[in-house]
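What follows is a single structure, written as structure tokens, with notes after it.
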There are 4 protein chains.
Amino acid sequence: MNSFGRIFRVTLFGESHGIQIGVVVDGCPAGIDLCEDDLSHDFARRRAGGRGTTPRIEPDLPRIVSGVFNGKTTGAPITIVFENTNTKSGDYTNLWNQPRPGHADLTGQRKYGKYNDPRGGGHFSGRITLGIVAAGVIAKKIISPLSIQAQLIEAGGSENITEAVEKAIEEKDSIGGVIECVCSNVQPTLGEPFFDSAEALISHMIFAVPATKGIEFGSGFAAARMKGSEHNDEIIDADGTTRTNYSAGINGGITNGNDIVFRVPIKPTSSIGIQQETYNFKSQSVQPLLIEGRHDACIALRIPVVIECATAIALADMALIAQQKTTVF
Amino acid sequence: MNSFGRIFRVTLFGESHGIQIGVVVDGCPAGIDLCEDDLSHDFARRRAGGRGTTPRIEPDLPRIVSGVFNGKTTGAPITIVFENTNTKSGDYTNLWNQPRPGHADLTGQRKYGKYNDPRGGGHFSGRITLGIVAAGVIAKKIISPLSIQAQLIEAGGSENITEAVEKAIEEKDSIGGVIECVCSNVQPTLGEPFFDSAEALISHMIFAVPATKGIEFGSGFAAARMKGSEHNDEIIDADGTTRTNYSAGINGGITNGNDIVFRVPIKPTSSIGIQQETYNFKSQSVQPLLIEGRHDACIALRIPVVIECATAIALADMALIAQQKTTVF
Amino acid sequence: MNSFGRIFRVTLFGESHGIQIGVVVDGCPAGIDLCEDDLSHDFARRRAGGRGTTPRIEPDLPRIVSGVFNGKTTGAPITIVFENTNTKSGDYTNLWNQPRPGHADLTGQRKYGKYNDPRGGGHFSGRITLGIVAAGVIAKKIISPLSIQAQLIEAGGSENITEAVEKAIEEKDSIGGVIECVCSNVQPTLGEPFFDSAEALISHMIFAVPATKGIEFGSGFAAARMKGSEHNDEIIDADGTTRTNYSAGINGGITNGNDIVFRVPIKPTSSIGIQQETYNFKSQSVQPLLIEGRHDACIALRIPVVIECATAIALADMALIAQQKTTVF
Amino acid sequence: MNSFGRIFRVTLFGESHGIQIGVVVDGCPAGIDLCEDDLSHDFARRRAGGRGTTPRIEPDLPRIVSGVFNGKTTGAPITIVFENTNTKSGDYTNLWNQPRPGHADLTGQRKYGKYNDPRGGGHFSGRITLGIVAAGVIAKKIISPLSIQAQLIEAGGSENITEAVEKAIEEKDSIGGVIECVCSNVQPTLGEPFFDSAEALISHMIFAVPATKGIEFGSGFAAARMKGSEHNDEIIDADGTTRTNYSAGINGGITNGNDIVFRVPIKPTSSIGIQQETYNFKSQSVQPLLIEGRHDACIALRIPVVIECATAIALADMALIAQQKTTVF
């Protein structure tokens, strides 16, 4: 299913080299200011162009084609589309014969058979995350003053990210990284026990972002080495502020008002400039493979804003649901 | 929402000290063998009683009250209930005045107000995971021969789990741990790109299990320190087997036939026998708190089977959906 | 799927001759008064016993087993179960060989194969509507002061219902009827354009009730013979009151504050005391069939309260959703 | 929610005078032939232009912008958009002051406040049903050889539709009608007991179509005047064929293989050329209102194909779900 959310519902569509990609955002309250310019800041953060990112620079010009009138959301579904302009499609027979390691070439073929769209990754392309960013910009407006900040805190095993990226470029290789995301001014009562816990919904969205390999909230994996007497966050005042925040602002699946903090490892870009060996289905043997073109040496550089926006989508849905759930009326 | 799944749909209900807890499993195909005894193996694994677990030993006797006839599932919703027998409820005023750190006492109060059921954790109780295990046993039958094995690989920062647990008991403290889960014989084509990626659905279920603090698939957090040339899993034969399995059997959100491998950190039990300090809403000041009774020194000991069953639920839903999605007909 | 609703979510389970039938109601706000006695009035209206209804009189004693504490809903899922006591099951081979006309015997067999539970109609039994009534009683509390009244306005083609029923009993035959349902004090803004129109959600629930053959809102089928100049409901004051109410209180899928009025035809009970002819799969020929036992001569007598409750469920879901949808915040 | 379906999921967006309207169809199997021309037949049937329909003739040229590659569906979401070209928007202050009777002007204002898009009906416009038709064309391919035929069997209370339409045009009034829809070659086992009965899902979709006032399956309202001995459809051969078909091919919510037959009344077009009286919120009194422009004298003429397509969407979802539900594997 290419949709997420119960009330604030986001639907993605499009392929890397298709005519349009886009997103439909349903369930957005009426009366929110929205215009194309509102998207430009987060789009710029996602865009390629810096060192370590691909030179495919598309304008990524969004068009809001429904759901907005006189600069305000109307309550009807908001659709934002992007034309694909940089879509010289070539011959994809090679991909079929020798699927690239780390990519979805083979799983796409297995799932959709010969009908899978191979052009530039088709619907698996990271370009589809433009829709996540667009929906996230709207979501951020809904959840304000809750604010979300994600940043790359480490890449290639190094805190000196620039250096690590330069080295990867030089080696024609790629590197991964770790993104940390902090949500502040979080209202209590978001999320539910069990299936719709705040962690469950946030992680669901985070794993909708390609290249994510994990998530840990608060203490995360370190919790496994801690004692209860250390890990329990002692409440220190009447608004629920805790001395420590190992629980990442969530108890029993429900936000407690402290910051939601989590970290996400990003794998190194699968496309690299170094020769690899992998199975060739035509020759029926393992063969060398060299992927042409230029690549993101560190895709993790572009993902923090996508993580922010994915998180905002999950929180907006929880916030809209929480408006009616908690008290008798 | 206390439900999960599009086709194989699981609904949990009940409170720790209520009359019954249980689970409704909708969308299960007809004709699967099912009786109460089928649950006993996984229930025994979840049960308290060993060193490091609570002495509250309930029989956990399941009753299948709908959806099964002559020992076979009928296609109608399957309901499995458990009577709560060990439910001496006392005075919960203290909990209200001084919510326990690490528990959902305060978030429950904030979300549901004075109507929150405080008895033994109410609907937040880990006891509700009995329903996850029951549904998971059914799910495992659906996805067979796919098999899932989860085990505690580390506790209290030590691989010598027994020793770590004994030390925690002695100190009246608690410890966390790491559970590793391996899914073998996985059919390709499970999961979808983006929102319903195999990782998204599995993680959604994993974070429905109380005390989980994170999840990492395959390389996980280590991916952040790897290069693409190391991380890419080279395909070595026609069935899609890869030389390494850093992708954890999933590319582009879709299973590739290799094992799905992930690890989950479990926090130390929040209830400990050591005095803590936390806010008392009656006295309006931080006060000492000593939680009475005996506790699980290492709740992680009981969770591997819950992780298995949560995973089975996610995979069963994907497997039933995958029956009709991938080919033209 | 045996569930309905986005926020107020109702899940049914059970079979006529199984151990328990019941309902899970998720998404109910905390703090609503609820006890078993609250169900007795509507249960009495649904119960058999009067002229024209079956003599199977079960106590229908509900047990609230979760979601209520100290007489108030807690915000956790509410489960209400009913033991089946009157369940002498006999030999169902005949049903398999010669499915009863008008019943789900054959469709159940085709869908679920030999695993279909044939006892007393299994999961297809009208007895399962007890769960709809129980959920509806809760829903009515949520939507109050909106009130719903359904009544049988015609049976057997006659407005003298008693007479028509007596005649049917005498003839060992059965008769249908028409139920009219009026919802008053309806708040504006419930429902959505298109897929979740108020009519769509109400009709979805109405067709979840066995034996319903149609639904018409306001002018209904008569609209086909009307002119626009007659049919348009002229607004006569500032609160949106209309002179006529052919639109049944709904425009563009959204309630306008006038009464929601609809009518539902109920088919004559399928089980009758008269010999019928129908296919016998064993003899591979059409054969006479006489259904033993006593039957509801007019099942429509028992259905008004089910229609009310089904409507309340749809409206409660709309009302909870409408709390956050219409205004910017 | 502007979406429908569990597996075959349709999302509508757009406004009458916005930039684009369209539809996203998710969950469509890969490998189905699809091009813009496939839509032209059903689009022509929906289009205005004949006697009794508006002279707003837009080309309705669809663009398939995602989900299709080399003329086949790829398994990714299919998006079809339509540019709005005939969108001279004027001054809508009048609409705000004096909402038109029978339209959604007032409910739209009440629900979305001053943010409601008033231009040409906004998101409430019948034009949005283009998306239903587009999705329905795809759905028809999925359910083939099941075929659906809907036709207008009566308008203005007359079987002589042409005459009735001419009279309405002459009188500057509008008339309603009745559409009958027959689904043939229906496979057994579609639909579920209770909430997802075939009738529930079909009616849900039918009431997503503006101007529908009711639905009756098979015997429908006539069932209320029939006896069980007449109404029961006797099975006459081994494939489940029945002598009569009052049940409309559905028992217990599940298709039995006989034709699904239902009728839908359509109200007379709300926009008429005759002066009406209705509340003016500015003058705070009932005032005359004359709607300018030309109108559909009988919108029912254009709706049969929309009914067909709405039905196809419901059946496609049931058919995809039914692929995996009924047998053990």
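Here the structure is a predicted model, which means the values were calculated and not measured. Every chain is numbered from 1, with letters handed out A, B, ... down the list of sequences.
When all heavy atoms are compared, the tightest approach of D:Val209 to D:Ala310 is CG2-CB, 4.1 Å.
For the pair D:Lys141 and D:Asp33, the salt-bridge criterion is not met [side-chain N within less than 4.0 Å of a carboxylate O].
When the candidates D:Ile19, D:Val65, D:Ile64 are compared by the number of heavy-atom contacts under 4.5 Å with chain A, D:Val65 comes out ahead. Comparing A:Pro77, A:Ser3, A:Gly22 by how many heavy-atom pairs each has under 4.5 Å with chain D, the most go to A:Pro77. The greatest number of non-hydrogen atom pairs below 4.5 Å with chain D, out of A:Lys72, A:Lys114, A:Arg9, is found for A:Arg9.
Aromatic rings from A:Phe69 and D:Tyr112 are positioned such that their centres are separated by 6.0 Å or more.
Checking each of A:Asn116, A:Leu95, A:Asn94 against A:Asp105 for a side chain to side chain contact (heavy atoms under 4.5 Å, CB included) leaves exactly one that passes, namely A:Leu95.
Proximity to chain A is limited to the backbone of D:Leu12, based on heavy atoms less than 4.5 angstrom apart.
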